[in-house]
2 protein chains.
Amino acid sequence: MNDCLFQLISLSWLLTSLMESRKQQPTGAAFLLAQLGAHAADRFGERIKRLRLAPRHAGILRIIAKIPSCNQRTLAKRLGVLPSRMVILIDELVGKGLVERKRSTTDRRHSVLILTRRGRAMLEKLSKLAAEHEADLCAGLTAEERNTLAALGRKIVHQQGLTPDVHPGYRKL
Amino acid sequence: MNDCLFQLISLSWLLTSLMESRKQQPTGAAFLLAQLGAHAADRFGERIKRLRLAPRHAGILRIIAKIPSCNQRTLAKRLGVLPSRMVILIDELVGKGLVERKRSTTDRRHSVLILTRRGRAMLEKLSKLAAEHEADLCAGLTAEERNTLAALGRKIVHQQGLTPDVHPGYRKL
DNA sequence: TATTGTTATACTCTATAACTATA
DNA sequence: TATAGTTATAGAGTATAACAATA
């Protein structure tokens, strides 16, 4: 078990403890979010193992597909990963034949990252698995409940200053 | 940034992508849960830094306080940590003067773990910070919305087979 | 001089196996 | 022999600094 999940579990325990010790209503929204977040990440990781892909690769493929003529520096900044780590991650994707580095002709310092045909096919498979993941995770909720949950979640995201497209909150770890 | 948070972010990106590409309603409940879970763990970690305590220590203190005459093996099993790792974690807490090992008189193989007075005081401080954490995280919601969110969260937890007191889902990482 | 990609390196966390002391 | 705790060690993931090529 990695440290982050352990952290989430610790958090869960502590918040449960808090609820008990203060005799409050057992809302525990923070606890539930931490627990479910860890669970969601865990299950997603398990799900994409069949593609022989680690979770960290998934987001990279997505961004390369979205940003045209994306270079490693841009990608690293976007994900909050160090450039030195980015090299290794891209190496792994290149090794799998999903991504190619192409030296920019205008500025030969840049490596333009492009998806191979296999990379695009992989992204399509990932998309299907993500849909399954979403469906499975929310299988216990009606469509209306799902919308309510999402609306409340977005409310917290907004109030906490989190923006889905940028994730600035995770950068300063 | 550690790999787990990166994983959560990757998941976020992917699910966002999915929503866009399939022109679905942007519910993205799984995305939101992963994002908020990572955010909650992050913020909690930041919050307890002032106590010079790492998040991984918090849950351990909690369990030692809850389970009487708890030994390391039990603790390790409960948290899903390897016994060898548990030794180091307990060493850290002993070094901070929060926990003491006491050889069991009935079976001298066991180390009974007990909180020191400083350990109990630390747990009380942690409890206060956890309360602040919960309040801050849900600051954007009314009391009723908080209850709704928690109810929906519990519904997922139940349907997914997660039990807050055991966390069996995280064990097999 | 500044920037992109890269390598080298150290540090932490995780995982496995082997050791000790008890039973 | 079996179990609790411990040690040693190898492997990942993360962070920092330094380097070569290019601008």
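A, B, ... follow the sequence lines: proteins, then strands. Residue 1 opens every chain. In what follows, every heavy atom counts, from backbone to side chain, and hydrogens, waters and symmetry copies are set aside.
R85(A) has its CZ atom 19 Å from the P atom of dA17(D), to the nearest Å. Rounded to whole Å, atom C1' of dA12(D) lies 13 Å from atom CG of L89(A). Residue L93(A) contributes atom CG, which lies 15 Å from atom P of dG5(C) at whole-angstrom precision. Here the C1' atom of nucleotide dT6(C) and the CD1 atom of I88(A) are 10 Å apart, to the nearest Å. Rounded to whole Å, the distance from CG on N71(A) to C1' on dA21(D) is 15 Å. Distance D91(A) CG to dA12(D) P: 15 Å, rounded to the nearest Å. As a whole-Å value, the separation of L82(B) CG from dG5(D) C1' is 14 Å. Computed from coordinates, the E92(B) CD to dT14(C) C1' distance equals 14 Å when rounded to whole Å.
Counting side-chain heavy-atom gaps under 4.5 Å among Ile, Leu, Val, Met, Phe, Trp and Tyr, the cluster of V112(A) also holds I114(A).
Contacts of K155(A) classified as salt bridge (charged side-chain N to carboxylate O under 4.0 Å, His left out), with partners at least two apart in sequence or in another chain: E145(B). Applying the side chain to side chain donor-acceptor pair (under 3.5 Å) rule to S104(B) yields the partners T106(B); only residues at least two apart in sequence or on another chain are considered. For T74(A), the side chain to side chain donor-acceptor pair (under 3.5 Å) partners two or more places apart in sequence, or in a different chain, are N71(A). The side chain to side chain donor-acceptor pair (under 3.5 Å) test applied to R47(B) returns E132(B), D136(B), not counting sequence neighbours.
Comparing R73(B) and S84(A), the nucleotide of DNA chain D nearest to each residue sits closer to the 5' end for R73(B).
Under 4.0 Å is where a charged nitrogen must lie from a carboxylate oxygen, and between E46(B) and K49(B) at least one such pair does.
You'll find that the side chain of Q72(A) is closest to dT6(C), out of dT6(D), dT6(C), dA4(D).
Less than 4.0 Å separates DNA chain D from at least one heavy atom of each of the following residues of residues 98-111 of chain A: D107(A), R108(A), R109(A).
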